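Residue indices begin at 1 and follow the sequence shown. In each ligand, atom 1 is the first atom listed, and ligand 1 is the first ligand listed. For clarity, every value in this text was computed on a predicted model and none was experimentally measured. Because only heavy atoms are used, hydrogens play no part in the values below, and waters and symmetry mates are left out as well, while side chains stay in.
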Amino acid sequence: MTAPRLSLNDGKSIPQLGFGLWQVPEDQTARVVREGLAAGYRLIDGAAIYGNEVGLGEGLRAAPVARDEVFVTTKVWNDRQGEASTRQAVEESLARIGLPSVDLMLIHWPCPERGKFLETWKTLIALRDEGKVTSIGVSNFRVADLEVIIGEKGVVPVLNQIELHPRLQQAELRAFHAKHGIVTQSWTPLGQGKSFGADAIRAAAARVGKSPAQVILRWHVQLGCSVIPRSTRAAGLAENLDVYGFALTEAEMAGIAKLETGERTGPDPAVFN
Ligand code: NAD
């Protein structure tokens, strides 16, 4: 099974469902990447700060899948924002992964107090024009941050990767993204399992004969989001990709919409620097 693709606003496309590498130990990353690609995944979500870009590249080279079939994302960490340091950070990521370019480079966090995300965004635009990265986007950007970077150069990020799960549904950002042709990509999509026991999830899981995790991933898919769950087990990877053979009803989607509590599992982008 492979996930369908979503169109990006720069003419490219991204597989809708991939797997993430946060907290995957470097010595297991090559195996996880190889097993993920063998299971049918074609989207890998990495980041310099995850400390496993070398393993990402090793797994990519070991898998029986052509490079151009795989979509590789990585990210510029907060302390590398700014023109010269972003250029260097991107070069270092490419060297660690062992690729001449990646499919998508994101600014990991806006870090408003640092005051450098606009300069960093302009640098990514230049790196894209130079062919070092194919597409460019952001992560953890708020509406106000997006307005700043779009307003400056008119270059709209292809994607914003944000915390999104049943307890934090991000309606305002999703509406802004929809208006501007930005793909919403959900991180920590399973929300640390905190909604697995909710009636709306359990009832849907029982009806379709799937796990609570699969129901939640299917909810992301039906919202139109891209989604990047993490599992280090081959069986978990396979389970999380198996969400295209069933659908949630409108009533089930509405039931999950009511699980919003506004609780984050990670930092607040307004204050994380
Ligand atoms: P996730 O929601 O994917 O959950 C991972 C946890 O759920 C793990 O403990 C895993 O063992 C468990 N799990 C996975 N599949 C399961 C299943 N089918 N049933 C039960 N449990 C299951 O969380 P995550 O790793 O926090 O987020 C996913 C990816 O998002 C990360 O790996 C990373 O690539 C990305 N991310 C990005 C940011 C950012 O700031 N941009 C922040 C956090 C995560």
Side-chain angles (χ1 to χ4, degrees), residues 14-26 28-29 32-33 35-36 39 41 43-53 55-56 59 71-78 81 93 97 102 104-111 117 137-142 145 157 159-170 173 183-198 201-202 205 208-221 225-243 263-273:
I14 185 171
Q16 183 174 30
L17 193 149
F19 61 94
L21 293 177
W22 181 45
Q23 292 186 332
V24 177
E26 171 79 299
Q28 289 187 43
T29 303
V32 170
V33 168
E35 288 179 355
Y41 285 85
L43 165 63
I44 305 171
D45 184 68
I49 194 69
Y50 301 163
N52 50 22
E53 287 176 312
L56 194 174
F71 192 106
V72 178
T73 302
T74 192
K75 315 185 188 88
V76 177
W77 186 241
N78 306 344
Q81 288 201 24
S93 281
I97 301 171
V102 286
L104 178 61
M105 185 65 70
L106 304 180
I107 304 176
H108 208 141
W109 289 85
C111 303
F117 70 72
V138 294
S139 178
N140 299 303
F141 273 45
R142 303 162 298 166
D145 307 325
L159 172 155
N160 188 12
Q161 183 184 111
I162 56 174
E163 182 177 349
L164 203 164
H165 43 74
R167 289 183 167 211
L168 186 73
Q169 303 194 5
Q170 302 272 23
L173 265 170
V183 168
T184 303
Q185 190 172 58
S186 311
W187 67 250
T188 306
L190 300 175
Q192 297 178 339
K194 287 178 182 163
S195 305
F196 284 8
I201 303 292
R202 287 163 56 128
V208 297
K210 297 285 177 184
S211 68
Q214 287 172 308
V215 166
I216 291 174
L217 294 172
R218 179 69 204 179
W219 170 77
H220 289 274
V221 163
C225 298
S226 172
V227 58
I228 45 169
R230 161 176 55 106
S231 179
T232 54
R233 299 177 306 114
L237 284 163
E239 178 183 333
N240 292 344
L241 185 56
D242 182 18
V243 299
E263 282 166 84
R264 294 180 184 276
T265 65
D268 183 343
V271 295
F272 190 61
N273 288 281

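- Within a 6.0 Å sphere centred on CZ of R264, other residues, nucleotides and ligands contribute more than 12 heavy atoms.
- Side-chain contact between V76 and I107 is absent, with no heavy atoms from C-beta onward closer than 4.5 Å.
- Under the 4.5 Å side-chain criterion, counting only non-hydrogen atoms from C-beta, T184 is not in contact with S226.
- Judged purely by atom type and a 3.5 angstrom limit, E53 has no side-chain atom pairing as donor or acceptor with the backbone of G46.
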N/O to N/O under 3.5 Å, ligand 1 against protein:
residue  : atom   : partner : partner atom : Å
ligand 1 : 2 (O)  : P189    : N            : 3.2
ligand 1 : 2 (O)  : L190    : N            : 2.8
ligand 1 : 3 (O)  : R230    : N            : 2.8
ligand 1 : 15 (N) : N240    : ND2          : 3.0
ligand 1 : 18 (N) : E239    : OE2          : 3.1
ligand 1 : 18 (N) : N240    : OD1          : 2.8
ligand 1 : 25 (O) : R230    : NE           : 2.5
ligand 1 : 25 (O) : R230    : NH2          : 3.2
ligand 1 : 26 (O) : T188    : OG1          : 2.8
ligand 1 : 27 (O) : T188    : N            : 3.1
ligand 1 : 32 (O) : L21     : N            : 3.4
ligand 1 : 32 (O) : W22     : N            : 3.1
ligand 1 : 34 (O) : L21     : N            : 3.4
ligand 1 : 34 (O) : D45     : OD2          : 2.6
ligand 1 : 36 (N) : Y50     : OH           : 3.4
ligand 1 : 40 (O) : H108    : NE2          : 3.4
ligand 1 : 40 (O) : N140    : ND2          : 2.9
ligand 1 : 41 (N) : S139    : OG           : 2.8
ligand 1 : 41 (N) : Q161    : OE1          : 2.8

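- Taking CH2 of W22 as the reference point, atom CH2 of W187 lies at 7.0 Å (rounded to 0.5 Å).
- Side chains of N52 and Q28: a donor-acceptor N/O pair is absent below 3.5 angstrom, by distance only.
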